[in-house]
Structure formats: structure tokens, C-alpha cells
> 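If you scroll down you'll find the structure; I have some questions about it.
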Amino acid sequence: MKISLSPRSAKGFTLIELIIVIGILATLASIAYPTYMSIQENAARTAAKKVCTDIVSAVESFKQDNNGMLPYDSEMVEPDAKDQMYLTTTAGEDANLIKVLTNREDDEDRRLNSTRDIYLRSDEQEQPRDGLFVDASGELHFYDPWGKPYYIVLCEEDEGCIDPFGTRRYRGKNCLVYSTGPDMEGKAVAAASTSSAEDKPKGKKAKKAAAEAAAAAAELAEEALEDNVYSWKNQK
């Protein structure tokens with residue numbers, strides 16, 4: 001039996017129908033993409049916070065196992081006026097802390113982690129992002145999900161370290177770790193007021209303006225905390 005397609009059954013999409021379909025797909029993509037990016041960013045924040053906490057826990061475990069000694073080379077890092085040491089997890093002297101915690105010290109220069117314990121575990125990445133990375137020269141780096149180093153504050157004093165973004169001292173914390181977050185700047189910048197004294201409201205309007213300014217300042221502070229992936233944020 002010979003079967004043939006009628007002109008109606010062989011008909012394809014018209015130009016108008018194709019435009020409508022493409023428009024629908026474009027609309028769905030424009031709705032889904034921001035959601036996807038938000039999910040990705042939240043996942044990165046969560047991962048960075050976990051790493052910050054892991055580094056703090058690793059430092060505390062090392063300290064307990066080594067009679068109160070912190071895992072850094074005191075001959076290479078000088079404390080500031082507040083007796084605090086500021087390190088990053090890029091290659092070089094500062095990365096020595098990561099080498100110690102991951103048991104990657106050079107055998108000829110092994111002085112701190114003599115027991116070869118692994119206090120910090122992380123996958124080695126092929127690109128300088130989101131974990132341990134060994135460059136072409138063999139130097140060890142450790143990066144956050146945005147390809148930036150983690151920043152570490154160490155202090156040997158029993159009263160704890162001082163927040164590098166303020167004046168608060170975290171009692172009993174000998175190690176603070178943070179990431180600068182997705183904006184890679186670290187903290188929100190407050191907008192400067194350019195209004196003159198003559199422009200400032202008075203009376204009830206002044207109280208309302210002050211309340212609004214306080215609310216704006218609180219919002220900026222919260223943004224700063226969100227931009228910085230503070231490992232101690234939930235340990236207050």
C-alpha cells in the first residue's frame with residue numbers, strides 16, 4: 001500500500017510560530033538564569049564558610065596536640081602592635097601554615113608537624129580555585145571558591161584575637177579565618193553624606209532622618225558580614 005503525506009500533515013512551523021517559541025524559551029531562560037546564579041553563589045558561600053571553620057578547627061586541634069603551639073613559623077611571621085599575626089593562604093612564607101596542617105612540609109624543613117598528622121583535608125584542584133593548588137614551581141596555594149586566598153589572624157594571647165574589621169575581641173579564639181567573599185573586597189563601603197548643615201532636617205524630621213540613617217548603617221553592617229565569610233560569625 002502506498003502511503004503519502006498530505007500537504008497538511010507535512011506542514012512545519014511558520015515563522016510566527018518559531019518567533020513565539022523562541023520568545024518563550026528566552027523568557028524562561030531569563031527567569032531561570034538569575035535563580036541558577038543565586039544557587040551557585042549560595043553554594044560557594046556555604047563552602048567557603050565550611051573551609052573557614054575547618055581551618056579554625058585544624059589550628060585548635062594542632063594547638064591541643066602540641067602543647068599550645070600554633071602551626072606557624074614564628075621566625076617568618078612578625079606580630080603587630082596587638083601581638084597578632086596576619087597570614088594568607090597563597091604560596092610563600094604565609095602558606096607554611098597550610099603546609100603544616102595538610103602535612104605537606106618539606107622533609108628537610110619539617111619542624112612543626114613532626115608527627116605527620118593531617119589536620120586539614122582538601123582536594124587538590126587543577127585550577128587555582130576552591131581548594132589546594134600546586135603551581136608549576138611546586139608551591140602550595142589554598143584558594144576560596146572565587147579564586148582568592150583565605151585570610152588568617154593568629155594570636156597567642158589567652159584573651160583572644162581582635163576582629164581585623166573592627167575592635168571586637170573574640171575571647172578564647174586564637175585563630176580567625178575569613179574569605180573576602182564574591183565581591184573580593186571584604187566589606188561594604190558606607191556611603192558618605194554630602195549634605196551641608198543647612199540641608200539637615202530639624203525637629204521631628206531630624207529624628208526620622210536619624211532613624212533612617214541608623215537603619216541604613218545596620219543594613220550596611222549586615223552586608224559587610226555577608227560579604228565576609230566570617231568563620232566565627234555563628235560562634236558569638
> In chain order, what residues pass the side chain to side chain donor-acceptor pair (under 3.5 Å) check against E41, with sequence neighbours excluded?
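Side chain to side chain donor-acceptor pair (under 3.5 Å) check on E41 returns R45.
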
> Quick check: closest heavy atoms across S179 and W146, and the distance to 0.1 Å?
OG-CZ3, 3.6 Å

> I'd like to check the side chain to side chain donor-acceptor pair (under 3.5 Å) partners of E156; sequence neighbours left out, ordered by chain and number.
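Expected list: Y72.
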
> Under the rule for salt bridge (Lys or Arg N to Asp or Glu O under 4.0 Å), what residues qualify as partners of E124, not counting sequence neighbours?
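Testing E124 for salt bridge (Lys or Arg N to Asp or Glu O under 4.0 Å), a comparison that skips the adjacent residues, returns R104.
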
> Listed by chain and number, what are the side-chain contact (heavy atoms from CB on, under 4.5 Å) partners of S122, not counting sequence neighbours?
L132, F142

> So, for C155 and K173, which heavy atoms are closest and what is the spacing to 0.1 Å?
SG-O, 3.5 Å

> With D130, which residues qualify under salt bridge (Lys or Arg N to Asp or Glu O under 4.0 Å), at least two apart?
none

> Who passes side-chain contact (heavy atoms from CB on, under 4.5 Å) against I19, sequence neighbours left out?
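Counting only residues at least two positions away or on another chain, I19 forms a side-chain contact (heavy atoms from CB on, under 4.5 Å) with L15.
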
> Does some side-chain heavy atom of V59 sit less than 4.5 Å from a side-chain heavy atom of V177?
no

> Could you work out, with side-chain contact (heavy atoms from CB on, under 4.5 Å) as the rule, every residue matching D65, not counting sequence neighbours?
Y119

> May I ask you to list the residues sharing a hydrophobic cluster with V21, side-chain cutoff 4.5 Å, ordered by chain and number?
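Via sub-4.5 Å side-chain contacts, V21 links to L25.
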
> Test of understanding: with side chain to side chain donor-acceptor pair (under 3.5 Å), list the residues that count as partners of Q84, not counting sequence neighbours.
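Result, side chain to side chain donor-acceptor pair (under 3.5 Å) vs Q84: Y86.
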
> With a 4.5 Å cut-off on side-chain heavy atoms, are D144 and V51 touching?
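A side-chain contact is absent here, since even the closest heavy-atom pair is not under 4.5 Å.
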
> Under the side chain to side chain donor-acceptor pair (under 3.5 Å) rule, collect the residues that match up with S137, sequence neighbours excluded.
D135

> Run the side-chain contact (heavy atoms from CB on, under 4.5 Å) test against I39 and tell me which residues pass, sequence neighbours left out.
T35

> Checking side chain to side chain donor-acceptor pair (under 3.5 Å) between K50 and each of D54, T53, T46, which is the one that passes?
D54

> Linking directly or through intermediates, with side-chain heavy atoms under 4.5 Å: list the remaining ILVMFWY members grouped with I20, chain and number order.
I16, I24, L28

